[in-house]
Participant: 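Following this message is one structure expressed as structure tokens.
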Amino acid sequence: MADRYEAASFEAKWRARWKEADLFKTREETGRPKFYGMDFFPYPSGAGLSVGHCRNYVPTDVLCRMKVMQGYNVLHPMGFDAFGLPAENEAIKRKTHPAPMIDQYSATYRRQMDLIGVSFDWSRSFKSCEPSYYKWTQWIFGLLFKRGLAYQKMASVNWDPVDKTVLADEEIVAGRAERSGALVEKKWIPQWFFRITEYAQQLIDDLDTVDWPEGIKTQQRNWIGRSEGVQFTMQVSDSSTPKSHDLEAATPVRKALAFDVFTTRIDTIYGVTFAVLAPEHQLIEEIAKFVGAEHVTAIRAYQEQAKSISEVDRTSDTREKTGVFTGAYAVNPATKNPVPIWIADYVMATYGTGAIMAVPAGDQRDLEFAIKFGIDVIPIQQPPLEFFAQFPVAAEDPQAALARYLEDPKEFPTAYISKDAPLINSGSQNGRSVPEAQESLGLWVETLGIGERKIQYRLRDWLISRQRYWGCPIPIIHTKDDELQLVPANQLPVELPEVDNYEPSGDGTSPLALIGDFVNVTDLDGRLGRRETDTMGGFACSSWYFLRFCDPDNFEAAWSKEATDYWMPVDCYVGGAEHAVMHLLYARFWMKVLFDAGLVSVREPFARLQNQGQVLGLTPYRKPAEGETLGQGEDGILITPAEAAEMPPEDVIFRWSRMSKSKGNVVTPEEAVESFGADALRLQLLFVAPFTADVQWKNDGMSAQVRFLSRVFKLVDELKAEFEPAWERILGFEELDDNARKVRRYTHQTIRKVTEDIDRFAFNTYVSSMMILVNNVNDVLKSSTQRSRALQLSLSEMVESLVLLLSPAAPHSADELWEMLGQGGFTWNAEWPRFDAALAAEDMVTIAVQVNGKLRDTLMLAVGAANEEHESAARALPKIQGYLDGMTVRKTIIVPGKLVNFVVG
RNA sequence: GCCCAGGUGGUGGAACGGUAGACACAGAGGACUUAAAAUCCUUUGCCUUUACGGGCGUGCGGGUUCGAAUCCCGCCCUGGGCACCA
């Protein structure tokens, strides 16, 4: 039956033909524009793809297919992110080796992607764990190393006791490992880093040059965390005896003992009443040498405590400030007053200088600390009276409260921070505005030579080493003398040895360290050396794969510049928002390094980025039985759909959550294709919601698409007998009757809408505009018993255009319909329909007629009617006359082709 | 706490500052059928009216405008991100 959509009867046939014809092989013909469309590099999990993953691949496929038909050379590749923890953990669990496991899983992925008709060029595919790929990952590591951007140092790192490896900052969420969920511990071991901080400013600046969702850009800017401020040196003094305003006779200073602090509010320096060092700060050792024994004991105890406390506890928002006084004092350079030096863990060792000048009057954290430990607070700005409304004790008499505040602010537990209030108690800066004082004090610090204005970033260097087997080996040899030698390019790749046992040891070294053949090497000078046994985290592999796709079979180099110059940047990159600060930041960083090395010609890898919404599956839970405990944040116990079906409905709670195997809420593409068809699945994925929105997936949505496709089949079936392939040549000579005119108008309006919608990722309205076309044409057909030649030709144009417009979304059906029309070959090779504005234009428009902005009637006018015509026609409407009767028209607003609005009074 | 996104019928969602609810789903009624499925047609924001019509409506409260779902200000709620970053 050719008058309905019966997926089983033709979809597999077309997939076989596409494969036979090698249809999706990347075209690289001269004289065509290029388009590089790509999805995020997936890790092939054993669970296979769900329809949720398809929501990523189908829209990109639609865009790429349209670009092919529009004549572009299109690069639309797919590969697999195979190295890394998830693969290794899975392999350990299954007591197998990751390599064959990954081969099997990626084959499943490929089969599923093919099943839904995604037009990947598989001839360019690779896995990041193949030596022919990671050879070049190592080569890029070498490039970074030679440029001083890869280095090893001892570091206190995030140690995941479950996965037995260190993790990057980006992989830690609220003190827990994002992947394993384990509480992260501190460990002090040698680690490899990439100096991404070197590129902090460029990574911020170049965000302005890419077309990405603003939310992702903002997240990256926040993550990089640029702050402008002043860094200056505070001298350590011997005693707390103040206090001379005479520079020469200032507080005696301990020679050469000093520390740097960074502040964004140098204007508040007169309010500094203490200084705080992070517990790990190096100066503490020096201080311990001269302060009393009782201080040393307290310091040591506090440092121990700080080391052992977990990240979660340390940052808990209910936690009170803790700290100890060191017994030493520093000198406030503005007042020359001595201020006590404290140690507290609310100051991070890893940000800024690991030490701060504390201004309790102007900083909530400093204030809490000062109140708890009885340190002076000097007000540096005068709060307005409204400020005191928040304090019950002060609300009745704010004037008196202000007086008390100026005397001693400690009574009021909220710091007063303002960018507008002028300064007080600030010596020469009194009465100045914040910006004025910042300017003048910044200059003062620089003139005095104790510091400088500085930009500080929150971003830290990228921790790349992992103490795990399944990763790209770091191509470094440690010589006897503890020198680091880079393995020369001609000796790459450093291949991962085949081993039986690769489970992590947990002692902070990689299992590779136990493999003598791997570890023991001769160094470049022929002496005995030791191979680096850490591997690179998976994000290294995914930081350049888009370059390899440009030139995947190159054995001489990672890529030829010619190839990347042609294809890069990726014109449209599609994937989930969860990679906002990891992959997307790392890849940008590598690209900039490669640009600086002259290896690529663009600074940004991804010109445009689109994030699809998640697909949620209905997940059944049951109410907990008596005595059962619930997991954190859960209000029920997860059950299988089968269990749910057997329970009384009132005992089952349904929740929408992201499709995952463990939740048992996955719908696979196989199921969907089997029950409804690949094209029905594709259309529903596009239609169900805007691309960026989350979707609550219900299978029966696909039956609506089956109906729609069936209407298309029926329409084509009805029209195929009178289809005239040469319509374009003949149609120009025909006089168009009303129906023919209408059909052409609908056709061209749809061509315009579809083309625009696909380009702007509005796939839901793309599908609905095709539905509208079909509905409208069916109406015309119903009303015309006799079809004129002009109408037949217009319908030929319509039906051909419809099939081609449908092709990106429902390629199997489009090719089947194309064949029904007697057209040879594939819609893939056909030209995208051309839009004609004159044909799309309406000749009559509906004008809204309003009185005082309220819609009262409508009228029809010819397009291009004069304003006077609008007004007179509107006034002539009986309903409108009723509203205007006895009123004065004060104003008439006319928007030609849209509306007339009478303002009456 | 800070930052981002979003709140529109029974549901998913449309809508360059200009006729709110396109397109679908679900519901109701009907045609075809011995019957059902499938398909097709009509109808469906809420209130009011026999009807014509009228009123109210895009989270809440203000504002700008001839005109606001859309722009501005202040809130509330939901989702996501960051979180003692000086």
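None of the values given here were measured: they were computed from a predicted structure. Throughout, protein chains are lettered first and strands after them, A, B, ... in sequence-line order, and every chain is numbered starting at 1.
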Participant: Partners of Thr264(A) by side chain to side chain contact (heavy atoms under 4.5 Å, CB included), sequence neighbours excluded?
Facilitator: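 Ser227(A), Phe262(A).
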Participant: Of Ser769(A) and Gln456(A), whose closest RNA chain B nucleotide lies nearer the 5' terminus?
Facilitator: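 Upstream on the strand: Ser769(A).
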Participant: Name the pairs: protein N/O against N/O of nucleotides 2-11 of chain B, kept only if under 3.5 Å.
Facilitator:
none

Participant: Under a 90° cut-off about 0 for the syn range, is rG9(B) syn or anti?
Facilitator: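 Because its glycosidic torsion lies within 90° of 0, rG9(B) adopts the syn conformation.
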Participant: Write down the protein N/O and nucleotide N/O pairs, taken from nucleotides 16-21 of chain B, whose separation is under 3.5 Å; answer none if there are no such pairs.
Facilitator:
residue	atom	partner	partner atom	Å
rG18(B)	N2	Gln850(A)	OE1	3.3
rU19(B)	O4	Thr846(A)	OG1	3.4

Participant: Kindly confirm or rule out a cation-pi arrangement of Lys321(A) over Tyr346(A), judged by NZ or CZ under 6.0 Å from the six-membered ring centre and within 45° of its axis?
Facilitator: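 Positive - Lys321(A) is close enough to the ring of Tyr346(A) and near enough to its axis.
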Participant: Check ring-ring contact (aromatic ring centres under 6.0 Å, His included) between Phe676(A) and all other residues, then give those that pass, not counting sequence neighbours.
Facilitator: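 If we apply the ring-ring contact (aromatic ring centres under 6.0 Å, His included) test to Phe676(A), skipping adjacent residues, there are no hits.
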Participant: Ala349(A): what forms a side chain to side chain contact (heavy atoms under 4.5 Å, CB included) with it, not counting sequence neighbours?
Facilitator: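 Counting only residues at least two positions away or on another chain, Ala349(A) forms a side chain to side chain contact (heavy atoms under 4.5 Å, CB included) with Ala278(A), Glu280(A).
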Participant: So what does Asn764(A) hit on the nucleic acid, given a heavy-atom distance under 4.0 Å: a base, only sugar-phosphate, or nothing?
Facilitator: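 Contact class for Asn764(A): sugar-phosphate only.
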Participant: Against the six-membered ring of Trp212(A), is Arg221(A) placed for a cation-pi contact (under 6.0 Å from the centre, within 45° of the normal)?
Facilitator: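 Verdict for Trp212(A): no cation-pi partner in Arg221(A).
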Participant: Rounded to whole Å, please give me the gap between CG in Leu686(A) and C1' in rC23(B).
Facilitator: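 Rounded to the whole Å, the gap is 14 Å.
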Participant: Out of rC82(B), rA86(B), rA14(B), which has the shortest distance to the side chain of Trp223(A)?
Facilitator: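 So the nucleotide nearest the side chain must be rC82(B).
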Participant: Picking from rC82(B), rG12(B), rC23(B), which would you name as closest to the side chain of Val688(A)?
Facilitator: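 Between rC82(B), rG12(B), rC23(B), the one nearest the side chain of Val688(A) would be rG12(B).
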Participant: The criterion is ring-ring contact (aromatic ring centres under 6.0 Å, His included); which residues satisfy it with Tyr416(A), sequence neighbours excluded?
Facilitator: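 With sequence neighbours excluded, Tyr416(A) shows a ring-ring contact (aromatic ring centres under 6.0 Å, His included) to Phe387(A), given in chain and number order.
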Participant: Between rA28(B) and rG63(B), how far apart are the C1' atoms? Round to whole Å, please.
Facilitator: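 It comes out at 43 Å once rounded to the nearest Å.
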Participant: Nearest to the side chain of Val903(A), which nucleotide is it out of rC66(B), rC82(B), rC23(B)?
Facilitator: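 Nucleotide nearest to Val903(A)'s side chain: rC66(B).
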Participant: Between N or O atoms, less than 3.5 Å apart, protein on one side and nucleotides 71-74 of chain B on the other: list the pairs.
Facilitator:
none

Participant: Given rG80(B), is OP1 or OP2 found less than 4.0 Å from the side-chain N or O atoms of Asn611(A)?
Facilitator: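 For rG80(B), neither OP1 nor OP2 has a side-chain N or O of Asn611(A) closer than 4.0 Å.
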Participant: Which nucleotide sits closest to the side chain of Arg760(A): rG13(B), rA83(B), rA15(B)?
Facilitator: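 The listed nucleotide nearest to Arg760(A)'s side chain is rA15(B).
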Participant: I want to check something: taking the side chain as every heavy atom from C-beta on, are Leu459(A) and Trp223(A) in contact at a cut-off of under 4.5 Å?
Facilitator: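 Touching, per the 4.5 Å side-chain cut-off.
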Participant: Can you tell me the distance, in whole Å, between the CZ atom of Phe274(A) and the C1' atom of rA86(B)?
Facilitator: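 That distance rounds to 11 Å.
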Participant: Just to be sure I understand: a Watson-Crick pair is purine N1 to pyrimidine N3 plus N6-O4 or O6-N4, both under 3.5 Å. Using that and G-U wobbles, which stems of three or more pairs involve RNA chain B?
Facilitator: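 Detected stem regions: B:1-7 with B:76-82, B:10-12 with B:23-25, B:27-31 with B:39-43, B:45-48 with B:53-56, B:59-63 with B:71-75.
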Participant: Report each atom pair, protein N/O against N/O of nucleotides 36-41 of chain B, whose distance is under 3.5 angstrom.
Facilitator:
residue	atom	partner	partner atom	Å
rC41(B)	OP1	Lys782(A)	NZ	3.1

Participant: Apply side chain to side chain contact (heavy atoms under 4.5 Å, CB included) to Leu859(A) and list each qualifying residue two or more places apart in sequence or on a separate chain.
Facilitator: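 Partners of Leu859(A) by the side chain to side chain contact (heavy atoms under 4.5 Å, CB included) criterion, ordered by chain and then number, come out as Ile847(A), Val849(A), Leu861(A), Ala873(A), Ala874(A), Leu877(A).
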Participant: List the steps, then state whether side-chain hydrogen bond (donor to acceptor under 3.5 Å, both in side chains) holds for Thr197(A) with Arg460(A).
Facilitator: CA-CA 6 Å; Thr197(A) 49; Arg460(A) 319 247 163 96; over 6 Å; no
Participant: State which of rG53(B), rC56(B), rC84(B) makes the closest approach to the side chain of Tyr346(A).
Facilitator: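 Of rG53(B), rC56(B), rC84(B), rC84(B) is nearest to the side chain of Tyr346(A).
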Participant: Which residues pass the side chain to side chain donor-acceptor pair (under 3.5 Å) test with Gln881(A), sequence neighbours left out?
Facilitator: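 Not a single residue meets the side chain to side chain donor-acceptor pair (under 3.5 Å) criterion with Gln881(A).
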Participant: Using a cutoff of under 3.5 Å, can you pull out all pairs of nitrogen or oxygen atoms linking the protein to nucleotides 47-51 of chain B, with atom names and distances?
Facilitator:
none

Participant: Want to settle it: does Phe902(A) or Gly701(A) sit nearer the 5' end of RNA chain B, counting the closest nucleotide to each?
Facilitator: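 Result: Gly701(A).
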Participant: Need one value for Pro213(A): base, sugar-phosphate or nothing, where a base atom within 4.0 Å counts as base even if backbone is also close, heavy atoms only.
Facilitator: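 Since no nucleic acid heavy atom lies under 4.0 Å of Pro213(A), the category is nothing.
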Participant: Look at Ser768(A) and rG13(B) and indicate whether a side-chain polar atom (N or O) is within less than 4.0 Å of OP1 or OP2.
Facilitator: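 Result: no.
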